[in-house]
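Below you'll find the structure I mean.
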2 protein chains.
Amino acid sequence: MTRMTSPQFCLICGDSADSLHFGALSCRACAAFFRRKVAGRRNIFRRCDRQCKVDTGMRKLCASCRYDKCLKVGMRESAVLSRLAQKNQNYKKPSGSPEECEPSTSTSGSILENLQNAYQKLEEARRKAFNITHDSVPQSSNYKRMNEVFYEDIKLVVENLVSTLQCPDISKEQQKLLHVHFLVPFILLEGGYKSTNSELFYLPSGDYIDETRIAEYYQNPDDLNDKSGEAAAEVFRPYWKLNRQTLKMHLDDVQLDLPELLFVTALVFYDYGLQDQTDDCIEMCKRMRSQILEELTDYEKNVRINDDHSYRVGQIIMVLQAIQRTVNMVHETREISLVYNLYERHSSIFETIKD
Amino acid sequence: MTRMTSPQFCLICGDSADSLHFGALSCRACAAFFRRKVAGRRNIFRRCDRQCKVDTGMRKLCASCRYDKCLKVGMRESAVLSRLAQKNQNYKKPSGSPEECEPSTSTSGSILENLQNAYQKLEEARRKAFNITHDSVPQSSNYKRMNEVFYEDIKLVVENLVSTLQCPDISKEQQKLLHVHFLVPFILLEGGYKSTNSELFYLPSGDYIDETRIAEYYQNPDDLNDKSGEAAAEVFRPYWKLNRQTLKMHLDDVQLDLPELLFVTALVFYDYGLQDQTDDCIEMCKRMRSQILEELTDYEKNVRINDDHSYRVGQIIMVLQAIQRTVNMVHETREISLVYNLYERHSSIFETIKD
DNA sequence: TATTATAGGTCAAAGGTCCA
DNA sequence: CTGGACCTTTGACCTATAAT
């Protein structure tokens with residue numbers, strides 16, 4: 001704005017001025033000095049009595065006086081972008097070099113890392129609960145056993161996995177909504193994952209159901225008193241057919257690895273478009289999904305050697321559609337309410353965990 | 001048309017707005033920013049978690065969030081360089097880097113190209129059928145009119161769009177299965193797409209329904225003889241609430257452009273996991289989906305300037321889940337069978353086309 | 001033909017990175 | 001840590017063009 005023909009001088013050191021920098025006419029050197037000091041945010045050790053003369057020759061001598069003069073002639077700390085960046089917690093360090101490829105899995109506090117830890121704990125708890133040792137051989141199982149397993153397993157999933165999925169600033173009711181909606185798709189998803197490439201269906205206990213011989217196992221209730229057994233069997237009866245048609249086919253196709261399974265798990269959890277979901281909860285889920293997708297793409301780019309990570313991400317996200325279809329088919333059978341009954345029996349767990 | 005005397009503000013940064021730019025009210029700076037980013041076709045390095053607030057002070061801080069916001073408030077990439085493109089059909093985008101990839105849209109025989117042609121024909125047919133001229137102004141419409149529009153439109157969709165979607169080596173019954181399953185999600189998807197960023201719901205005829213005043217329009221049947229009118233109104237009644245909850249929210253978020261809409265459309269068509277779908281048909285759909293996903297990733301890499309195309313692809317594929325949920329909710333109302341009745345009336349069209 | 005709205009082009013100013 | 005070379009982005013200002 002002040003474009004004068006006369007030569008101008010740096011208001012700090014008197015050197016020939018470059019242009020306006022951070023709100024004051026200055027040379028590039030003083031501008032760079034000011035930027036570094038602001039960005040560095042370190043205290044400037046004062047070694048003088050504030051009387052230093054700052055000029056071209058002396059400007060190196062006293063940083064504190066030079067900085068004072070910068071402020072005095074009108075430079076504003078807020079004009080340094082990297083200063084703003086620090087106020088903005090979301091700002092990442094820009095990667096100058098193109099070959100920069102820090103795998104973001106190592107980022108502490110990442111969603112994946114949390115989930116990996118939680119899942120490890122879950123598997124550990126399962127080993128204990130179901131007496132799985134490293135040399136135990138998977139056994140053919142039946143529906144009664146399956147019911148017992150899931151009855152026990154839902155407890156473990158809630159304790160170890162669900163409880164670690166953060167829901168910042170969300171009411172307990174809404175959290176519970178997410179929890180309730182999470183369990184069925186998770187059971188479907190994880191079951192399909194563990195049974196990838198197999199004709200058998202693997203339970204969380206490590207045992208399996210041979211789907212080709214389902215009929216004989218199903219007519220084998222030797223304990224008629226156990227109502228919950230029948231209930232769960234009812235719930236999971238339609239599962240086989242539906243699952244094979246939709247979800248299992250997808251999962252066998254996509255061949256998820258464990259981190260990918262966990263990303264999909266998290267996406268399933270932070271679902272939105274649910275009935276009775278509040279706007280706040282939807283916003284939170286959007287934010288979380290955005291973060292998860294970001295981490296997933298980082299994972300595909302940097303950790304897996306896949307060249308075409310976009311394609312891979314697309315394939316993985318398509319699993320969500322398959323899950324959605326399967327869940328909806330299960331819902332249509334109306335027997336899903338029984339699962340919620342199972343959930344209700346454990347709901348005290350939520351109450352104690354979410355204090 | 002909306003020339004208000006009150007001062008207007010840039011929808012991106014809140015600065016005082018200049019005028020419409022590339023489809024959105026914005027200041028000159030944001031307009032220039034958007035133009036440069038699109039025209040430059042260089043990747044925007046994302047250094048944040050997508051949560052940056054873009055305002056006058058911060059707008060310089062995060063280019064990727066600023067760009068996202070441009071898209072979100074309605075700026076269209078296609079509006080940049082549109083003049084040049086019109087003047088010179090052979091206009092090539094400036095290639096910043098020598099190894100600039102050839103945009104795959106030009107690939108002859110691609111799925112996208114076929115769909116773009118088909119969709120253009122469909123829109124052309126709609127203009128003729130619904131008497132849309134370049135100077136016709138959208139009218140508020142009602143349910144009776146909506147029914148007429150969809151009754152007519154399904155015919156046009158089948159003739160112009162569905163008929164061009166190839167199903168190699170598939171029996172007519174299976175093709176019909178795909179066609180029938182396609183119509184509802186397509187109507188939902190395209191309606192949501194055309195109504196992006198609007199509170200109104202736009203019909204294929206160009207007219208709109210004002211959802212806030214739905215009740216008064218719904219109780220307005222002046223022709224009780226027209227059974228199909230009532231039928232379709234019944235079908236689409238639950239649509240409004242469900243759609244707003246799930247699909248519309250996604251679509252407003254993702255801001256698909258036309259090619260992306262068409263990719264999603266194709267993915268919806270080549271669905272698998274459908275009841276009564278044969279293995280052959282499933283195999284075909286898998287192949288087609290794979291090809292579509294490939295083309296979509298190419299498109300995101302080469303045509304759109306998005307830095308992390310993986311993230312974009314993931315976002316887009318998530319729309320499939322939202323569609324799936326909405327379709328299933330519509331199915332649950334059981335009124336969907338009426339749509340199939342509408343379909344049946346036109347089924348002769350299939351018979352003549354697929355010889 | 002003049003006007004208006006919105007597109008594209010240009011360039012100095014400003015910020016950032018890198019290295020000796 | 002410093003200074004300065006060098007690069008990229010920004011936004012004010014200007015011109016171009018299509019529709020009216």
Side-chain angles (χ1 to χ4, degrees), chain A residues 1-4 8 10 12-13 15-40 42-45 47 54 56-64 66-67 75-85 91 93-98 100, chain B residues 1-3 8 10 12-13 15-40 42-45 47 54 56-64 66-67 75-88 91 93-94 96 134-135:
Chain A
M1 44 197 77
T2 53
R3 201 83 320 252
M4 303 164 112
Q8 304 211 316
C10 172
I12 293 118
C13 72
D15 202 352
S16 69
D18 180 57
S19 58
L20 277 175
H21 291 287
F22 310 107
L25 188 68
S26 76
C27 67
R28 286 180 172 274
C30 286
F33 168 83
F34 185 74
R35 174 159 31 82
R36 274 194 300 265
K37 289 301 172 195
V38 174
R42 229 168 306 146
N43 283 338
I44 302 168
F45 180 69
R47 56 171 101 184
V54 181
T56 321
M58 297 287 282
R59 67 187 176 199
K60 263 193 224 168
L61 285 182
C62 179
S64 46
R66 190 182 187 185
Y67 190 78
M75 282 191 176
R76 285 165 291 109
E77 293 177 340
S78 63
V80 179
L81 282 186
S82 42
R83 172 73 173 188
L84 291 175
Y91 203 71
K93 201 189 82 182
S95 77
S97 44
E100 175 99 22
Chain B
M1 47 193 76
T2 52
R3 199 87 319 247
Q8 303 211 318
C10 172
I12 292 121
C13 71
D15 204 351
S16 68
D18 177 56
S19 60
L20 276 176
H21 291 286
F22 312 106
L25 188 68
S26 76
C27 65
R28 287 170 175 278
C30 287
F33 168 84
F34 187 74
R35 174 159 40 79
R36 272 195 305 269
K37 289 300 173 195
V38 176
R42 213 171 302 131
N43 285 340
I44 304 169
F45 178 72
R47 53 174 95 187
V54 181
T56 322
M58 297 288 274
R59 69 187 175 197
K60 268 196 225 158
L61 185 57
C62 180
S64 42
R66 191 181 186 186
Y67 190 79
M75 282 193 176
R76 284 165 292 108
E77 289 173 347
S78 60
V80 177
L81 300 183
S82 55
R83 287 241 180 92
L84 289 178
Q86 277 167 20
K87 235 185 6 180
N88 182 0
Y91 180 77
K93 300 163 198 84
H134 60 90
D135 57 348

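These numbers come from the heavy atoms of this one structure, side chains and all, not from hydrogens, waters or symmetry mates. Please read all numbers here as calculations on a predicted model, not as lab measurements. The chains referred to below are lettered A, B, ... by the order of the sequence lines, with proteins before strands, and numbering in each begins at 1.
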Check: Would one find a side-chain N or O of K37(A) under 4.0 angstrom from OP1 or OP2 of dC1(D)?
Finding: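 So the side-chain polar atoms of K37(A) never come under 4.0 Å of the phosphate oxygens OP1 or OP2 of dC1(D).
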
Next item on the list: Specify the separation, in whole Å, of atom CG of D18(B) and atom C1' of dC14(D).
Entry: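 To the nearest whole Å, that distance equals 13 Å.
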
Next item on the list: Write down the distance between CZ (F34(B)) and P (dT10(D)), rounded to a whole number of angstrom.
Entry: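 Roughly 14 Å, once rounded to whole Å.
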
Next item on the list: Could you check if a side-chain atom of M75(B) sits within less than 4.5 angstrom of a side-chain atom of V80(B), using non-hydrogen atoms only?
Entry: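 Sidechains of V80(B) and M75(B): no contact.
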
Side-chain donor-acceptor distances from residues 25-32 of chain B under 3.5 Å, at least two apart:
{"from": "R28(B)", "atom 1": "NE", "to": "D18(B)", "atom 2": "OD1", "distance (Å)": "3.4"}

Next item on the list: Mind calculating the distance between CG (L25(B)) and C1' (dA5(C)) to the nearest angstrom?
Entry: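 Taking CG of L25(B) and C1' of dA5(C), I get 13 Å after rounding.
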
Note to self: Quick check for you: among dG3(D), dG11(D), dA14(C), whose closest atom lies nearest to any side-chain atom of R66(B)?
What the structure shows: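 So the nucleotide nearest the side chain must be dG11(D).
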
Next item on the list: Please check the phosphate of dA7(C) (OP1 and OP2 only) for any side-chain N or O of H21(B) closer than 4.0 Å.
Entry: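 Looking at the OP1 and OP2 atoms of dA7(C), one of them is under 4.0 Å from a side-chain N or O of H21(B).
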
Margin query: Quick check: closest heavy atoms across K37(B) and A63(B), and the distance to 0.1 Å?
Written below: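 In this case the closest contact between K37(B) and A63(B) is CE-CB, 4.3 Å.
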
Notebook entry, point to check: Which whole-number value in Å describes the distance from R28(A) CZ to dG4(D) P?
Noted result: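 Atom CZ in R28(A) sits about 11 Å away from atom P in dG4(D).
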
Checklist line | Length of the CZ-C1' vector between R76(B) and dA7(C), whole Å | finding: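 Rounded to the whole Å, the gap is 12 Å.
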
Note to self: Can you measure F33(B) atom CZ to dC13(D) atom C1' for me and round it to whole angstrom units?
What the structure shows: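 Rounded to the whole Å, the gap is 20 Å.
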
Checklist line | Over all atoms of both residues, closest heavy-atom pair of C10(A) and C13(A) | finding: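 Smallest heavy-atom distance, with atoms named: SG-N, 3.4 Å.
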
Notebook entry, point to check: Whole Å only: how far is the CD1 atom of I12(B) from the P atom of dT10(D)?
Noted result: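 After rounding, the reported distance stands at 13 Å.
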
Notebook entry, point to check: A32(A) or G23(B): which one's nearest nucleotide on DNA chain C is closer to the 5' end?
Noted result: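 In this pair, the answer is G23(B).
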
Item checked: Rounded distance (Å) that lies between atom C1' of dG15(C) and atom CE of M75(A) ->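 These atoms are roughly 12 Å apart.
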
Notebook entry, point to check: Can a donor-acceptor pair under 3.5 Å be found between the side-chain atoms of R36(A) and the base atoms of dG16(C)?
Noted result: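 By the distance-only test, no, there is no pair.
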
Check: Would you say dT9(D) has OP1 or OP2 under 4.0 Å from some side-chain N or O of R35(B)?
Finding: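 Checking dT9(D) against R35(B), no side-chain N or O comes under 4.0 Å of OP1 or OP2.
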
Check: Looking at S19(B), does any N or O in its side chain come under 4.0 Å of the phosphate oxygens OP1/OP2 on dT6(C)?
Finding: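 Yes, because at least one side-chain N or O of S19(B) sits under 4.0 Å from OP1 or OP2 of dT6(C).
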
Check: Which of parallel (below 30°), tilted (30 to 60°) and perpendicular (above 60°) describes F22(A) and F34(A)?
Finding: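 F22(A) and F34(A): tilted rings.
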
